Amino acid sequence: MSESTRTRTDGGALPVVAILTCGGTISSNVVNGVVTPRLGAEALVESVPALARYATLDAHTVMTKPSPDVTLSDVLGLYDELLERSRAGVDGLVVTHGTDTLEEVAFALDLLWDEETPVVVTGAMRQSDAVGADGAANLLAAVQTAGAAESRGRGILVVFNDEIHSPWHVRKSHTSSTATFRSPTLGPIGYLAEGRPRLPLTSSRPVRLARPRSMDPAPRVPIVTMSIGDDGRVMDALASAELDGLVLAGFGGGHLPGEVARSRGLQQLLERVPVVLTSRAGAGEPLTATYSGFDGSETALLGRGLITSGPLDGPRSKVLLSWLLAGRATRPEIDATFAAAVRG
Ligand code: ASP
């Protein structure tokens, strides 16, 4: 247990909030001139004394990783730690995480989370000893949100820069801005006002999965983004690789160059593994019934068995497909789950 205070200034009991730290910039400071993730949970919580005014805190270091190194196997371990504390009766849970893969981790947790206890994921763009470090404010806002009754039953929430986002939509949109997390299609579902979370909108959570028993071995699901002039050779190379699934991020409404669409490699992949079609556009969802008359049109591709991603971008499509494959889902179950995501 780190710092605890049992009474609020208004006399009410404080919520109990567990903070689980996973590394990233919020847990970093400068060592020998470079930013390094090294702060554990105790140090992070002690660096923000204001937290104790809002919650009785329980701080745990889960890992101290740069988030590009985080795997879905790590997420399963994190899920177990969260579940244990939720079942022990905490009022709210906060995860601090590197921003590079924060959106995948929040979404992956949301697909599994079936508890009423809120889980708030946050991070920072500036290391803890930087001028104007944003981690302290983000952690405070996350604790305020996790401890609030109105956050219950909403699954995972991403809190950053005093905004509250759905893990189904939020993405890191800028390499260095402290306002990097945006939900391009939807916008934030809430915000903090004077330290109080406001959640006027609810984003649906159309898919809930059983926890896969193991991610060992992790399914191999690359994301391939189309660009001008691509031909079939990439698909031919992928067809001879050991893949369990594939996500194709097509142009605009979900279109591929004709040479890619006609390639022998794509046909072989379609016969062997689930192939999800999403868009590289960054907002909206791929079309399903607008264009035809060319081989890379969405109608031609969906007619050949590609699976439309609906609102899921490439990283989220990969997470959903990976959980399904790890859970040994059949092809009809995979199709039905993506269809549920599309219906929203
Ligand atoms: N730049 C990253 C961050 O903001 C590093 C990471 O994701 O670990 O946390």
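Computed from a prediction, not measured in an experiment: that's the story for all the values here. Order of listing sets the numbers, starting from 1, for every ligand and every atom in it.
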Just how far is it from atom OG1 of T175 to atom CG of D100, taken to the nearest 0.5 Å?
10.5 Å
Closest non-hydrogen protein atom to atom 4 (O) of ligand 1, residue and atom name please, with distance?
T99 OG1, 2.4 Å
Could an N or O of ligand 1 be found under 3.5 Å from any N or O of A124, whether backbone or side chain?
yes
Considering heavy atoms of the protein only, find what lies nearest to atom 5 (C) of ligand 1 and give residue, atom and distance to 0.1 Å.
T25 OG1, 3.6 Å
T101 to ligand 1: N or O pair under 3.5 Å?
no
the protein heavy atom lying closest to atom 7 (O) of ligand 1 turns out to be S67 OG, 2.5 Å
The reported gap from OG1 in T117 to CG in L82 (rounded to nearest 0.5 angstrom) is 9.5 Å
Atoms of ligand 1 close to P66 [distance to a heavy atom under 4.0 angstrom, numbered from 1]
8 (O)
List the steps, then state whether side-chain contact (heavy atoms from CB on, under 4.5 Å) holds for S151 with L199.
CA-CA 8 Å; S151 302; L199 278 155; 4.0 Å; yes
Could E259 and R233 be called an ion pair, given the rule that one side-chain N must be under 4.0 Å from one carboxylate O?
no
State the OG1-NZ distance between T21 and K65, to the nearest 0.5 angstrom.
13.5 Å
If the cut-off is 4.0 Å to any non-hydrogen atom of G24, which atoms of ligand 1 fall inside it?
8 (O), 9 (O)
Which Ile, Leu, Val, Met, Phe, Trp or Tyr residues join L301 in one cluster when any pair of side-chain heavy atoms under 4.5 Å counts as a link?
V224, M226, V234, M235, L238, L243, L246, L248, F251, L256, V260, L266, L269, L270, V273, V275, L277, L302, L306
